Amino acid sequence: MEAIIFFALLIISGGFFFYEVYRRYLYTKLGRPEDRSDHPGRRLIYFFSQLLCHKRIMQKPLFGVLHWFILWGFLFLLAGMVNMVAEGLFSTRIPYIGDNLVYLLIKDVFAIFIIVACVGLLLRRTIFKPQWLKNTPIAFVIILLILIIIISEASFHGVQIALGENDVPAGFAPLAAAIAGWLGNMDRNSMERVGTIFFWSHFLAVFALFFIIPRSKHLHLVFAPFNTYWHKLEPKGAIRKIELDGEEVSIGANNLEDFTWKQLFDAYACVKCGRCDEHCPSHQSGEQHKPKRFNGRLRKHIDQKAPVLMKYSALPQASRYKKATETERKVLKKNITGDVFEDEFIWNCTTCGACVEICPISIEHTARLFEMRRYIISAQQNVPEEVRKVCTGIEHQGNPWGLDPDAAYDWIRKLEVPTLDNHPSAEYFYFVGCAGLFDEQARKTTKAMIEVLKRAGVDFAVLGNDQWCCGEAARRMGDERLYQKIVQNNISAWNNKGVKKIITACPHCFNTLNNEYPQFGAAYNVNHHSVFLAELLKKGRLRPVKNLDKTITYHDPCYLGRYNETFNEPREVLTAIPSVRLIEMARSRNSSFCCGAGGGRAWTKVKTNNQITNNRIVEAAASGAEVVCTACPYCLTAFAKDTPVDAHEKNIKVMDISEILEISTSI
């Protein structure tokens, strides 16, 4: 009778579990196709490093170890569960499991580890709770059920030892042997009843998990491993290319089914741990943006809308509304932009990539943001005026400011720089970029770079007044059509001029030219000026001789560091300068805090108090630095214009690495 009850509960709970999981998997298939099956070897290596070795989770070492205990503990416990069924219901053992001393020892040791982990997690959620971690009743229930599962399994094994039905030496089952010692004074009948209680406590807790997991954040236990395997292999800074045929009325995402299946899959894989919120500069600065909501809100929307879409999948879209109930119509009419995600949420993002970098299961938050922006721009619905002006300026004048390029180029003519028209054989094309040409602060970088390149004897040329924006701002703001038009025009013009090697001082330009132009057939050798300058120093073509005698802290630009993993070269440039004392801010390298100007905010936030910028420059001031040095015109301009009062009082200067190097190499 016990066996019948057991397998009935197993079928019911297991059936519910697999039905709920499979149903949500089918929901994700409503998204657009996307191939994530390439390079299985690379994917498997990443999978093992992230999932089984907990590479990103270990960035918080204590929690990482506790989580690792639970993961591996349950992996070892699974075989023991099968053996426990055999022993508890059929009084037999599974060969090579129930009598395998090595396995029993490992299982018992990991049972102890799991108990320690659960206690640690309870303390973390109560006494030592971080601000970003949200407590829910389900979280405590899950930890309690895990404790019941582990303790009851070890206790059942202890009863078997106490009854003499398992002669495993105590050294190979330390936890079970200790429990057997505690139970040694009980009579046999009582001990058998206790063993039955432990058996059913164990499996009732397991069955309870089968009901809880699919309808809680712990669904990530199923989806997260697959999501990790299907991680993005393209360059981190590259946005997905859309094939435009000229017929689409709108592009991007305004409906659930406009996202790719992987972008929907992300929502179910999310652990809702809050690490993305902890590292999001917008959220941490009090703005209306919270990366975790990318998944929480979308998941809720999928659960509401997907069943309705599947119910009427055989009908044309127009007919669905006629057949649907009033409640179903409200769900079908709900838009991604404006309804699920409000405008402030969509436009406040700096696109710094911190949320993607820190996510332990490789969720691609910003990819969906770009799809929403693409829809807003293409549909011309609720486009912020600042965004409209930027895109118009790029389209008509070739720069986000909408300034006359010929007039703006006057100052650079005085530097006697050759252009590609009068020096077509130049080895390097120095792409000045919009900021380096039009922004007063960023022009200092351009002037310094030109002087340094001349001193190093670099054979280079610039475009002149026919330079056009690379399109980065347009693409990050969602104007994909404008971006692709710019790219095709630039590639055609540059190829005609024989461009092969490019130098740029802007990480945003570098990321676009190096990681996204190849989507359109370009094959340039693109160098960010920090890497290029570091190489010139190594070759002895530049010799810093003047002492600067300054304490400098280096701010890692998001699009140079986090997206393109360039951390060492800018520091090598600074440390090569005599008497420079380089110190680090509390957050640096791939944990660097954004300047607040990315994602189009260099233009959309200029009239408001950019708290992100303020927070970062205050952090720089707290480091004790006299100079905040960076390698990005956006960061440079943001810090120079928006420096808070307390940083001004400390006389903190903001400079590009090329300016520092130019001073030290001057004769």
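This one's a predicted model, so the numbers in the text were calculated from it and none came from an experiment. Numbering starts at 1 and runs along the sequence shown.
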Evaluation steps, side-chain hydrogen bond (donor to acceptor under 3.5 Å, both in side chains), between Gln611 and Asn615
CA-CA 6 Å; Gln611 190 58 42; Asn615 287 342; 2.9 Å; yes
Take a 6.0 Å sphere around CD of Glu416 and say whether it holds more than 12 heavy atoms from other residues, nucleotides or ligands.
no
Verdict with supporting geometry, Tyr430 and Asn527, side-chain hydrogen bond (donor to acceptor under 3.5 Å, both in side chains):
CA-CA 10 Å; Tyr430 176 32; Asn527 302 269; over 6 Å; no
Arg562 side chain to Cys352 main-chain N or O, any donor-acceptor pair under 3.5 Å?
yes
Please check this pair: side chain of Asp656 against backbone of Ser658, looking for a donor-acceptor N/O pair closer than 3.5 Å.
yes
Where do Phe345 and Phe294 land on the ring-ring contact (aromatic ring centres under 6.0 Å, His included) test, with the steps shown first?
CA-CA 10 Å; Phe345 183 94; Phe294 267 130; 5.0 Å; yes
Would Asn564 and Lys236 count as a side-chain hydrogen bond (donor to acceptor under 3.5 Å, both in side chains) here? Give the steps.
CA-CA 7 Å; Asn564 288 285; Lys236 289 191 288 186; over 6 Å; no
For the pair Lys500 and Asn525, evaluate side-chain contact (heavy atoms from CB on, under 4.5 Å) and give the outcome as yes or no after the intermediate values.
CA-CA 6 Å; Lys500 294 290 189 297; Asn525 179 353; over 6 Å; no
Between Thr604 (side chain only) and Glu386 (backbone N and O only), is there a donor and an acceptor less than 3.5 Å apart?
no
Is a donor from one side chain sitting under 3.5 angstrom from an acceptor on the other, for His528 and Asn514?
no
Test side-chain hydrogen bond (donor to acceptor under 3.5 Å, both in side chains) applied to Thr637 and Asp439, step by step:
CA-CA 8 Å; Thr637 302; Asp439 183 82; 2.9 Å; yes
Using modelled atom types and a 3.5 Å cut-off, is there a donor and acceptor pairing between side-chain atoms of Thr613 and backbone atoms of Cys595?
yes
Mark yes or no: Arg616 above the aromatic ring of Phe593, with NZ or CZ under 6.0 Å from the six-membered ring centre and no more than 45 degrees from the axis.
no
Ser664 side-chain N/O to Leu661 backbone N/O, donor-acceptor pair under 3.5 Å
no
If the plane angle is over 60° it's perpendicular, under 30° parallel, otherwise tilted; pick one for Tyr46 and His231.
parallel
Examine distances only and state if a side-chain atom of Glu357 and a backbone atom of Ser591 form a donor-acceptor pair shorter than 3.5 Å.
no
Donor-acceptor pair, distance only, cut-off 3.5 Å: does the side chain of Arg56 make one with the backbone of Cys359?
yes
Return the minimal non-hydrogen interatomic distance between Arg475 and Ile239, and the atom names on each side.
NH1-O, 3.6 Å
Exam field: side chain Asp556 to backbone Arg589, donor-acceptor pair closer than 3.5 Å:
yes
Is the charged tip of Arg368 near the ring of Phe341: under 6.0 Å from the six-membered ring centre and within 45° of its axis?
no
Answer yes or no: does atom CZ of Arg543 have more than 12 heavy-atom neighbours from other residues, nucleotides or ligands under 6.0 Å?
no
Return yes when atom CD of Glu584 has more than 12 non-hydrogen atoms of other residues, nucleotides or ligands closer than 6.0 Å, and no otherwise.
yes
Got a donor-acceptor contact below 3.5 angstrom from the Glu619 side chain to the Arg587 backbone?
yes
For the pair Trp411 (side chain) and Leu437 (backbone), establish whether a donor and an acceptor sit closer than 3.5 Å, ignoring hydrogens and angles.
yes
side-chain contact (heavy atoms from CB on, under 4.5 Å) for Leu542 and Arg455? Distances and angles first, verdict last.
CA-CA 7 Å; Leu542 286 172; Arg455 289 174 190 168; 4.2 Å; yes
Asn295 side, atom CG; Ile361 side, atom CD1 - distance, nearest 0.5 Å:
8.0 Å
Do you know the tightest heavy-atom contact between Thr419 and Leu463?
CB-O, 4.1 Å
Could you check whether the rings of Tyr559 and Tyr563 sit parallel, tilted or perpendicular, using 30° and 60° as the cut-offs?
tilted
For atom NZ of Lys454, is the number of surrounding heavy atoms from other residues, nucleotides or ligands below 6.0 Å larger than 12?
yes
Is it true that the side chains of Glu287 and Ser282 contain a donor and an acceptor less than 3.5 Å apart?
yes
Has Lys60 got more than 12 heavy atoms of other residues, nucleotides or ligands less than 6.0 Å from its NZ?
yes
Check the surroundings of atom NZ in Lys653: do more than 12 heavy atoms from other residues, nucleotides or ligands lie under 6.0 Å from it?
no
